[in-house]
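Everything numeric here is computed off the predicted structure, so don't read it as measured data.
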Amino acid sequence: MTQDTQDAVIIGSGHNSLVCALYLLRAGWSVRVLERAGTPGGAVKTQELTEPGFRHDWAAMNLSNFRNSAFYGDFGPALERQGAEFVKADHCFASVYDDGTWFGVGTDMQANLARVAALSERDAAAWRDLTHGFPARSAIIGGLMASPMKWTALSGLGFNALRQNGWGGMLDIARFLFSSPREWLGRTFESEKIRAALAPWGMHIDYAPDVASGAIFPYLEAFGDQAGGMYLGRGGSDTIIRAMVAEIEAQGGTVECGVEVTRILHDDIRAEAVETSDGRRIGAGKAIVANVAPRAMARLTGGTGDARYDEGLATFRHAPGTVMIHLALSDLPHWRAGEALRDYAYVTIAPTLDMMARAYQQPLAGLLPEEPMIVVGQPTAIDPSRAPEGRHALWLQVRMVPREIRGDASGEIEATDWDAALAPFAERALDIVERHAPGLRDLILGMRCVSPLDLEADNPNLVGGDQVCGSHHLSQNAIFRPMRGRSDGTTPLEGLYHTGAAVWPGASTGAGPGTLLGRKLT
């Protein structure tokens, strides 16, 4: 068995791995990133999945959190020199309803207000108030989500927030932070359509309408997009991956693909090296960083000797799965609610909060949902370079679905394995889109459907198609992510660290886990 040694060995090439690697390289460490897949990036990659010339984002499409992250503040100029490019969407997201109407949010505040006022003058007043208060409140929330879960950091944030808002204001913020999407939206807006348009942004991160602490995500997305727009990667979301890999290599690091780590070697005190499937042993003089799902950490270590930690890895809960449908089209969909929707980056089909609640609860019971929430991404409306001239790529994210199928909520699909169930379930999703965009099927030039098990096979961190690498509910978030005492990425083994969406601050393209760990280690 051949052996060499690096200061740091990083397992997995998800974007948080690459983020952490750049901080370590900046501190003068030697770094090697090992990726089992043939291409780097984990869920953030872009491929020709349907027809030649059509570039589809495999999973992640929205790069706003990355573009606005602390990491990008540190490394943005270097990444731009390596070719990272973004396209700003001013028409960010919209929802369509069964009565043929729509509501959308973009960067034109007056246009947003006009759409709100058309539904409710009372809601227009609330929208103005939320817009006015967004900079101060989002700074508090953003500071919390970018902060290590340490009492010293949290107390400093709390003191500053108290000084700015007083006790009454702090209690209001606390109530908001613990509210479910339905609770906050119900208190804030009287229009069911506005509530339904914002609530899906909780579903993106595993917060169904009635799950506590999910209110912040509809709030941040709606008013963050209004304030700054939405960013996509020019040519595909992999623009950030290609730039980070190029910068890692420019700084003397290496990213090896097609190399699977099969074991983390340790003596129950310290992690010393990794073994790979091609027969190598690679030593780590300072750190092994694993960007893996918790149960994969348990498998790689074979147990750390710390019973509470090992049990936490074993009992970590994953969110429901996702089906992706990638379409090559001869034209953008013709939306029944209006051609203006062809300008939006996202159009969501989830007409009511009750529908979203069912679409979440049915997969939890192992059932294919009768009416799933469907997020229709229209990246070529914002970035035409992703398809041949005059053609378009469509990105359909179908949420939520079960990993293991026990039945069908509508009683129509008999298959209980994804090999057989994927095609009829994809037809169900296309039927729903077709109701809102008549003639969609006539525009299809090519299609690729991806099941939850396909997502997991491509990237084991997406367990059962869970694109957020674990539930973010209160019992498994903040100081409890991935478990109490380990939100900073440490493990019971000296020299072994955990990063990625399973670690605080969790899922998104915002690079938070990699940034916090990279800064901690250097």
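Panel note: side chain Glu371, backbone Ala359; no donor-acceptor pair is recorded below 3.5 Å.
Scored by the side chain to side chain donor-acceptor pair (under 3.5 Å) test, Arg299 finds no partners at all (sequence neighbours excluded). Every residue meeting the ring pair (Phe, Tyr, Trp, His ring centres under 6.0 Å) condition with Phe217, not counting sequence neighbours, appears here in chain and number order: Tyr207. Shown here are the side chain to side chain donor-acceptor pair (under 3.5 Å) partners of Thr515, two or more places apart in sequence or in another chain: there are none. Residues satisfying the side chain to side chain donor-acceptor pair (under 3.5 Å) criterion with Thr107, sequence neighbours excluded, are Asp90. Partners of Glu311 under the salt bridge (charged side-chain N to carboxylate O under 4.0 Å, His left out) rule, at least two apart in sequence or in another chain, do not exist in this structure. Partners of Glu434 by salt bridge (charged side-chain N to carboxylate O under 4.0 Å, His left out), not counting sequence neighbours, listed by chain and number: Arg441. Considering only residues two or more places apart in sequence or on other chains, Tyr97 meets the side chain to side chain donor-acceptor pair (under 3.5 Å) condition with none of them. A search for salt bridge (charged side-chain N to carboxylate O under 4.0 Å, His left out) contacts involving Glu192 returns Arg195, not counting sequence neighbours.
Salt bridge absent: Arg428 and Glu370 never bring a charged side-chain N and a carboxylate O closer than 4.0 Å. With salt bridges taken as basic N to acidic carboxylate O contacts below 4.0 Å, none links Arg55 and Asp383.
By the 4.5 Å heavy-atom criterion applied to side chains, Ile288 and Tyr497 are not counted as neighbours. Residues Val323 and Trp418 form a side-chain contact, since some pair of their non-hydrogen atoms from C-beta on lies under 4.5 Å apart.
Atom CD of Glu190 is surrounded by more than 12 heavy atoms from other residues, nucleotides or ligands within 6.0 Å.
Side-chain N/O atoms of Lys193 and Thr101 include a donor and acceptor closer than 3.5 Å.
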Report, one line per pair, each donor and acceptor closer than 3.5 Å where one atom sits in a side chain of residues 344-355; sequence neighbours left out.
unit_1, atom_1, unit_2, atom_2, d
Tyr346, OH, Asn62, N, 3.4
Thr352, OG1, Met355, N, 3.0
Asp354, OD1, Arg182, NH1, 3.1
Asp354, OD1, Arg182, NH2, 3.3

Extract all donor-acceptor atom pairs below 3.5 Å that involve side chains of residues 230-237 and protein atoms in other chains or at least two apart in sequence.
unit_1, atom_1, unit_2, atom_2, d
Ser237, OG, Asp57, OD1, 3.1
Ser237, OG, Ala60, O, 3.2

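The ring of Trp127 has its center closer than 6.0 angstrom to the ring center of Phe223. Taking the centre of each ring, Trp201 and Phe93 come in below the 6.0 Å mark.
Applying the salt bridge (Lys or Arg N to Asp or Glu O under 4.0 Å) test to every pair with at least one member in residues 455-476, sequence neighbours left out, gives these pairs: Lys45-Asp458, Arg403-Glu456. Applying the salt bridge (Lys or Arg N to Asp or Glu O under 4.0 Å) test to residues at least two apart or on different chains, the pairs with a partner in residues 473-490 are Asp488-Lys520.
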